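Fair warning: this is a prediction, and the values are worked out from it, not measured in the lab. The sequence lines fix the lettering, A, B, ..., with proteins before strands; numbering per chain opens at 1. Keep in mind that the numbers below use all heavy atoms, side chains included, and drop hydrogens, waters and symmetry copies.
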Protein chains: 2
Amino acid sequence: MPSPQLLEEYSQFFRILSEPARLQLLCHLKQGPTDVATLIEATGFSQSHISRQLGQLQRAGLVRCDRDGARTIWQAEGDLVDELCHLVQGRLRQRLEAQLQQFKAA
Amino acid sequence: MPSPQLLEEYSQFFRILSEPARLQLLCHLKQGPTDVATLIEATGFSQSHISRQLGQLQRAGLVRCDRDGARTIWQAEGDLVDELCHLVQGRLRQRLEAQLQQFKAA
DNA sequence: ATCACCTATGACGATAGACGCATTATGCCC
DNA sequence: GGGCATAATGCGTCTATCGTCATAGGTGAT
């Protein structure tokens, strides 16, 4: 039985991934290093919002940045999220198939 | 690049795991089938709250229930969450070790 | 130094979700 | 059927977080 503290840490990490905006940013950064202007254009979010979300992703260790003068270039770090999504995708697919069988049986 | 709909699904799933209360319930149910009265005593939450959280976990396919008359017996379903937590735990540990190295270097 | 540009942060409204209380619905037992 | 236990739901409150605007901080060019 995990300690409450550990459960708290887990939940905080999953909370990071519980927002489509952040997943969207992560996916863009998976394509390669990107500057903020590009992220603004790609997502339609305000600059301040993107800055905050990147900050959260950075504190979670999912993203890193290199400064190019005034500009900041961001990139995804590690494959953890890909692996997590892959596992989840399997479950989602599996559940849809089960629902489909229900319909066929009826 | 995943579709916005898929990202939405992912985020909704991760949101389920973003609450310590739900992780706590899941962990208890991992120990084996349990009735609600036991969960109330173990967690200290109200009956209504536990009922709702179990409902969410059920809709996500993480939990199933068998009725025993008026009583309901719940149990965890599948190992997905364990696998996800295992991956996350690796990352958390890895980051703490990195921080530790920072201190040692200083 | 001043200007233009980019990022980080404070303030704010809007909204979502946690959590409990009270009530209702549901299933046993007599 | 009535009475009793258990589970589900309507409602209210409160807190946290999203997302924006405005602003402050920082960096390079002229």
Polar pair under 3.5 Å, donor/acceptor by atom type, side chain A:T72, base C:dC6 | no

Considering only heavy atoms and no angle criterion, is a donor-acceptor pair shorter than 3.5 Å present between the side chain of A:S46 and the base of D:dC21?
->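 Checked by distance alone, the answer is no.
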
Distance in angstrom units between [X] [atom1] and [N] [atom2], rounded:
{"X": "A:E19", "N": "D:dT17", "atom1": "CD", "atom2": "P", "answer": "11 Å"}
{"X": "A:Q56", "N": "C:dT7", "atom1": "CD", "atom2": "P", "answer": "18 Å"}
{"X": "B:I73", "N": "D:dT6", "atom1": "CD1", "atom2": "P", "answer": "11 Å"}
{"X": "A:F45", "N": "D:dC21", "atom1": "CZ", "atom2": "P", "answer": "13 Å"}
{"X": "A:H49", "N": "C:dA8", "atom1": "NE2", "atom2": "P", "answer": "14 Å"}
{"X": "B:D66", "N": "D:dA7", "atom1": "CG", "atom2": "P", "answer": "13 Å"}
{"X": "B:L25", "N": "C:dA18", "atom1": "CG", "atom2": "C1'", "answer": "13 Å"}
{"X": "B:R71", "N": "C:dC28", "atom1": "CZ", "atom2": "C1'", "answer": "11 Å"}

When you check the gap from the basic side-chain N to the acidic O, do A:D66 and A:R71 get nearer than 4.0 Å?
->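 Result for this pair is no, no salt bridge flagged.
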
Other residues, nucleotides, ligands: >12 heavy atoms within 6.0 Å of A:E97 CD = yes

It should be established whether [X] places a side-chain nitrogen or oxygen under 4.0 Å from OP1 or OP2 of nucleotide [N].
{"X": "A:S51", "N": "C:dA8", "result": "yes"}
{"X": "A:Q53", "N": "D:dT17", "result": "no"}
{"X": "A:Q47", "N": "C:dT9", "result": "no"}
{"X": "B:R22", "N": "C:dA18", "result": "yes"}

Nearest heavy-atom neighbours spanning A:I16 and A:L62 |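 So the two residues come closest at CG2-CD1, 4.1 Å.
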
Taking B:I73 as the fixed residue, which of B:D35, B:T34, B:L29 is the one that meets the side chain to side chain contact (heavy atoms under 4.5 Å, CB included) rule?
->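 Single pass found, and it is B:D35.
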
Among C:dC19, C:dC6, C:dC21, the nucleotide that comes nearest once only the side chain of A:A70 is considered | C:dC6

Position toward the 5' end of DNA chain C (nearest nucleotide), A:R67 or A:R52 = A:R67

Verdict with reasoning, A:Q5 to A:E9, per side-chain hydrogen bond (donor to acceptor under 3.5 Å, both in side chains) | CA-CA 6 Å; A:Q5 288 83 356; A:E9 299 249 19; over 6 Å; no

